Asker: 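The structure that follows is given in the form of structure tokens.
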Amino acid sequence: MEADAADACRPQWTPLPPLRMEPRSLQIKDFPLMSLVRNRLIQLLQEAIESMLEGIGQQPSDPIHIELDIPKIAEHGHYATNVAMSLTRHLKRNPREIAGLILRSLQDREGLLHKVEIAGPGFINFFINSGSWQAIVAEILKAPRVYGRQDLGRNRRVQVEFVSANPTGPLHIGHGRGAATGDVVANVLQACGYSVQREYYINDAGNQMDTLGRSLYYRYQQLLGRQVEFPENHYRGEYMVDLAREFRELQGDRYGNRPLEEVLDHFTRFAADRILEGIREDLSAFGVCFDAWFSERSLHEAGAIEKTIEELKSKGHVYEQDGATWFRSTAFGDEKDRVVVRANGMSTYFAADLAYHRDKFERGFDTLVDIWGADHHGYVERMLAGVQALGRDRSDLKIILVQLVNLLRGGEPVAMSTRAGEFVTLKEVLDEVGRDAARFLFLTRRSDSPLDFDLEVAKMQSNDNPVYYVQYAHARLCSVFEVARERGVHWDQAAGESLAHLDRLELPQELELMRLLGEYPHVLANCARCLEAHFIPYYLHELVSLFHSYYNQNRILGDDPPLTQARLSLAAAIREVLRNALEILGVSAPERM
RNA sequence: GCGCCCGUAGCUCAGUCGGAUAGAGCGUCGGACUUCGAAUCCGCAGGCCGCAGGUUCGAAUCCUGCCGGGCGUACCA
């Protein structure tokens with residue numbers, strides 16, 4: 001069982017090679033694999049603006065942020081920027097005049113640009129040379145596995161903590177969404193040059209653990225035929241009965257006559273361990289692995305909570321009132337101070353959380369990312385207050401709230417009540433719809449937006465299901481190469497890498513496809529900046545949609561050998577980007593389907 | 001009551017440090033397989049971006065108020 005879980009945990013695709021770079025000496029020009037055209041253009045603009053400011057005797061004030069938009073209208077160019085307009089205030093000149101000054105200083109030595117113009121209120125529109133787009137294909141073919149990787153993170157250490165479901169029951173579909181989100185955010189951060197650790201926090205302390213142990217104990221008693229009443233607000237799910245059965249098989253009937261107090265610990269441990277094992281298995285099946293599993297109990301055992309409260313006390317952030325110990329979170333913007341030690345001497349869950357986050361920082365992480373269910377949003381402010389009281393910056397902790405999942409079947413809501421123990425587990429969903437569809441659907445929504453998850457749609461193998469739309473494109477591309485081989489057409493990959501024949505790619509759709517391929521690194525960078533995954537599915541949809549359209553109108557394998565070579569190179573580049581992006585999503589890229 | 005999030009096409013949703021004429025899927029309707037995969041493509045229709053003000057060259061995006069929905073408001077975990 002243990003070995004199976006570990007195997008399932010191993011990715012079935014080839015893992016990405018580790019990022020090996022010297023973190024210190026990095027310049028933009030060292031990263032040709034970032035958005036090739038986009039980043040080069042931004043660089044040219046930066047230089048132009050600096051020299052323009054110098055020319056008119058202005059200080060290059062705050063770092064100038066250059067935003068490059070893709071205009072909605074083709075006549076406005078491939079890229080457009082509004083820097084001239086955003087500089088009006090500082091330079092006290094009108095935007096079109098500034099745009100003119102910038103263009104005068106712009107030095108396009110390598111011939112990136114075909115045409116530049118000033119338009120509207122002061123936009124600068126750029127038209128890119130076809131050759132620049134074609135170079136993107138060559139770059140992708142040279143290093144497809146690392147395409148999109150970049151060094152935004154400069155190796156800064158980030159920890160992503162996610163799922164962290166209480167070990168009191170199996171994971172349900174909502175946890176699945178959190179798992180997919182956390183996993184992909186971590187993948188993205190890794191791809192963007194952060195050093196990432198994935199951690200699961202196990203709430204294995206507190207009242208709920210006793211409740212868990214008692215729940216098992218009572219179910220066990222019932223199995224032995226005792227008339228015991230199962231208490232309200234205990235864990236009534238069917239899984240608890242299964243667990244009792246399993247307990248009885250392994251441990252026999254000898255606990256039947258033992259009083260609860262004597263054996264509670266034993267029952268609790270058994271239940272928690274077994275449930276946690278199940279959680280691990282479910283996550284493995286979902287393709288989610290953690291680097292570390294952190295036990296709340298270990299904090300208690302190490303006295304970390306007391307130490308944390310001591311530290312807060314020494315910094316003057318803690319006071320006594322009504323017999324309890326309070327953390328003055330209002331000093332950092334929380335609406336109300338929070339109890340850390342109750343009047344009965346027990347510390348609160350929040351106190352453990354403070355200790356936990358203190359521990360994370362002590363382990364050397366520069367930034368912490370917490371992924372929480374949106375029902376915990378009321379805890380965000382106090383946690384941020386805690387981080388600040390511990391001497392860190394508020395921005396060192398990023399809390400991502402993942403909204404709840406509404407489970408539907410054929411448009412009808414599926415009743416889910418945790419209290420009655422009737423909920424749809426992640427495992428059931430995976431068994432029914434499959435891992436690829438589940439992951440993809442979880443990720444096609446902004447995390448802060450509630451998600452309708454329809455089981456019927458999810459398992460539908462048709463155009464209703466976006467995941468197959470994307471995978472189909474990949475399979476189709478593979479099939480093209482298969483057919484080429486059958487016909488004895490040899491694709492000269494080396495030629496593609498060296499740009500040979502690529503100048504034959506000049507159809508508007510081809511240029512647009514190449515432009516999109518070039519945007520991929522920028523999509524990843526956006527995901528890393530916003531800590532959001534959903535841009536990737538949307539990007540994939542756009543890319544694939546354009547490809548399908550192109551494919552239906554043009555033949556890749558034709559009777560013009562150089563053109564065929566060029567199109568095969570383009571097809572290969574698209575396939576590589578699809579594979580690359582799907583891998584980040586944890587979704588397979590099938591060669592056949 | 002207070003706090004957070006959300007109101008964009010019939011439905012589900014993108015639009016993320018304010019940009020030019022508002023985007024996609026699904027659904028409706030009509031077309032395209034003798035040709036590299038029709039799980040695909042092409043076309044038509046569909047909008048006071050919840051409402052009202054404000055900020056400015058410019059607002060779906062920022063601010064204020066209201067309306068509607070979700071969640072949270074413990075010396076629970």
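None of these values were measured; they are calculated from a predicted model. Convention: sequence-line order gives letters A, B, ...; per-chain numbering from 1. These numbers come from the heavy atoms of this one structure, side chains and all, not from hydrogens, waters or symmetry mates.
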Asker: Distance between the C1' atoms of B/C26 and B/A45, in whole angstroms?
Answerer: 15 Å

Asker: Can you pull the side chain to side chain donor-acceptor pair (under 3.5 Å) pairs that have at least one residue in residues 561-572 of chain A, sequence neighbours excluded?
Answerer: A/Trp491-A/Ser569, A/Glu510-A/Arg567, A/Tyr550-A/Arg567

Asker: Are the side chain of A/Ser329 and the backbone N or O of A/Glu335 linked by a donor-acceptor pair below 3.5 Å?
Answerer: no

Asker: Please determine whether a side-chain nitrogen or oxygen atom of A/Arg476 lies at a distance below 4.0 Å from atom OP1 or OP2 of B/A38.
Answerer: yes

Asker: Could you give the CD-to-P distance, from A/Gln553 to B/U35, as a whole number of Å?
Answerer: 18 Å

Asker: Figure out the CD/P separation between A/Glu482 and B/C36, and round it to whole Å.
Answerer: 14 Å

Asker: Report the distance from atom CZ of A/Arg342 to atom C1' of B/A74, rounded to the nearest whole Å.
Answerer: 10 Å

Asker: Is A/Arg555 touching bases, backbone alone, or none of the nucleic acid, heavy atoms closer than 4.0 Å?
Answerer: base

Asker: Between A/Arg409 and A/Glu412, is there a side-chain N and carboxylate O pair less than 4.0 Å apart?
Answerer: no

Asker: Of the nucleotides B/A39, B/C41, B/G37, which one has an atom closest to the side chain of A/Val483?
Answerer: B/G37

Asker: How far apart are the closest heavy atoms of A/Lys398 and A/Leu531, and which atoms are they?
Answerer: CB-CD1, 3.7 Å

Asker: A/Ala571 near the nucleic acid: base, sugar-phosphate alone, or nothing, with a heavy-atom cut-off under 4.0 Å?
Answerer: nothing

Asker: Write down the distance separating the C1' atoms in B/A59 and B/U21, rounded off to the nearest Å.
Answerer: 16 Å

Asker: For RNA chain B, whose closest nucleotide is more 5', that of A/Glu591 or that of A/Ser545?
Answerer: A/Glu591

Asker: Remember a base hit wins even if backbone is also touched, and classify A/Phe481 as base, sugar-phosphate or nothing at under 4.0 Å, heavy atoms.
Answerer: nothing

Asker: Answer yes or no: does a side-chain N or O of A/Tyr468 lie under 4.0 Å from OP1 or OP2 of B/G37?
Answerer: no

Asker: Check whether NZ of the Lys or CZ of the Arg A/Arg177 lies under 6.0 Å from the centre of the six-membered ring of A/Phe453 and within 45 degrees of that ring's axis.
Answerer: no

Asker: Closest-nucleotide mapping onto RNA chain B: is A/Leu477 or A/His548 further toward the 5' terminus? I mean the 5' end.
Answerer: A/Leu477

Asker: With distance as the sole test, does A/Tyr200 use its side chain to make a donor-acceptor pair with the main-chain N or O of A/Ala165 at under 3.5 Å?
Answerer: yes

Asker: Heavy atoms only, 4.0 Å cut-off, all strands: where does A/His534 land among base, sugar-phosphate and nothing?
Answerer: base

Asker: What I want to check is whether the side chains of A/Gln208 and A/Asn203 have a donor and an acceptor closer together than 3.5 Å.
Answerer: no

Asker: At under 4.0 Å between heavy atoms, what does A/Glu67 touch on the DNA or RNA strands: base, sugar-phosphate, or nothing?
Answerer: base

Asker: In whole angstrom, give the distance that lies between atom CG of A/Asn344 and atom P of B/A74.
Answerer: 17 Å

Asker: For residues 372-386 of chain A, pull every pair meeting salt bridge (Lys or Arg N to Asp or Glu O under 4.0 Å), keeping only residues two or more places apart or in separate chains.
Answerer: A/Glu381-A/Arg394

Asker: How close or far is atom C1' of B/C41 from atom NE2 of A/His541, stated in whole angstroms?
Answerer: 13 Å

Asker: Considering only atom C1', compute the distance from B/G23 to B/U16 and round it to an integer number of Å.
Answerer: 16 Å

Asker: Look only at the side chain of A/Asn465 and the backbone of A/Ala458, and say whether a donor-acceptor pair between them is shorter than 3.5 Å.
Answerer: yes

Asker: Can you name the nearest heavy-atom pair linking A/Glu296 to A/Tyr201, along with the distance?
Answerer: CG-OH, 3.3 Å

Asker: Tell me whether A/Tyr551 contacts the main-chain N or O of A/Ile556 through its side chain, where contact means a donor paired with an acceptor under 3.5 Å.
Answerer: no

Asker: Determine the contact category for A/Ser549: base if any of its heavy atoms lies under 4.0 Å from a base atom, sugar-phosphate if only primed atoms, P, OP1 or OP2 are that close, otherwise nothing.
Answerer: sugar-phosphate

Asker: Are the side chain of A/His377 and the backbone N or O of A/Ala374 linked by a donor-acceptor pair below 3.5 Å?
Answerer: yes

Asker: Taking atom C1' in both B/G47 and B/U8, what distance in whole Å separates the two?
Answerer: 8 Å

Asker: Side chain of A/Asp353, backbone of A/Tyr349: donor and acceptor closer than 3.5 Å?
Answerer: no

Asker: Of the options B/G37, B/C42, B/A77, whose atoms approach the side-chain atoms of A/Tyr379 most closely?
Answerer: B/A77

Asker: Answer with base, sugar-phosphate or nothing: what part of the nucleic acid does A/Asp322 contact at a heavy-atom distance below 4.0 Å?
Answerer: base

Asker: With rounding to whole Å, what would you report as the distance between B/U61 and B/A20 at their P atoms?
Answerer: 13 Å

Asker: Is any side-chain nitrogen or oxygen of A/Lys336 closer than 4.0 Å to OP1 or OP2 of B/C75?
Answerer: yes

Asker: Can you tell me, in whole Å, how much space there is between the P of B/C29 and that of B/G65?
Answerer: 47 Å

Asker: Expressed as a whole number of angstroms, how long is the span from A/Tyr319:OH to B/C75:P?
Answerer: 11 Å

Asker: Is A/Tyr472 close enough to B/A39 that one of its side-chain N or O atoms is under 4.0 Å from OP1 or OP2 there?
Answerer: yes

Asker: Output one letter per nucleotide in nucleotides 1-10 of chain B: B when a protein non-hydrogen atom lies under 4.0 Å from the base, S when only the sugar-phosphate is that close, - when neither is.
Answerer: --BBSS----

Asker: Does a nitrogen or oxygen in the side chain of A/Thr444 sit under 4.0 Å from OP1 or OP2 of B/C13?
Answerer: no

Asker: Kindly indicate, with the supporting measurements, whether the criterion side chain to side chain donor-acceptor pair (under 3.5 Å) is fulfilled by A/His78 and A/Arg515.
Answerer: CA-CA 8 Å; A/His78 297 111; A/Arg515 188 189 61 75; over 6 Å; no

Asker: Using both pair distances under 3.5 Å as the test, note the stems of at least 3 consecutive Watson-Crick or G-U pairs that include RNA chain B.
Answerer: B:1-7 with B:67-73, B:10-13 with B:23-26, B:29-32 with B:40-43, B:50-54 with B:62-66

Asker: To the nearest 0.5 angstrom, please state how far the OG1 atom of A/Thr308 sits from the NE2 atom of A/His357.
Answerer: 11.5 Å

Asker: Where does B/C41 land, syn or anti, once you apply the within-90°-of-0 test for syn?
Answerer: anti

Asker: To the side chain of A/Asn552, which of B/U12, B/U16, B/U40 is closest?
Answerer: B/U40

Asker: A/Met346 near the nucleic acid: base, sugar-phosphate alone, or nothing, with a heavy-atom cut-off under 4.0 Å?
Answerer: nothing

Asker: Taking atom P in both B/A9 and B/G1, compute the distance separating them and give it to the nearest angstrom.
Answerer: 28 Å

Asker: Looking at every strand, decide which applies to A/Asn554 at a 4.0 Å heavy-atom threshold: base, sugar-phosphate, or nothing.
Answerer: base

Asker: To the nearest Å, how far apart are A/Met383 CE and B/G72 C1'?
Answerer: 18 Å

Asker: Identify, with sequence neighbours excluded, every residue that meets salt bridge (Lys or Arg N to Asp or Glu O under 4.0 Å) alongside A/Asp359.
Answerer: A/Arg363

Asker: Using the C1' atom as the reference point in each nucleotide, state the distance between B/G72 and B/C13 in Å, no decimals.
Answerer: 25 Å

Asker: Can you identify which nucleotide, out of B/A77, B/U16, B/G37, has its nearest atom closest to the A/Glu532 side chain?
Answerer: B/U16

Asker: At under 4.0 Å between heavy atoms, which parts of nucleotides 18-23 of chain B does protein reach? Answer with one letter per nucleotide, 5' to 3': B base, S sugar-phosphate only, - none.
Answerer: -BBB-S

Asker: What is the nucleic acid contact for A/Arg338, judged by heavy atoms within less than 4.0 Å: base, sugar-phosphate only, or nothing?
Answerer: nothing

Asker: Tell me: CZ of A/Phe442 to P of B/U12, nearest whole Å?
Answerer: 19 Å

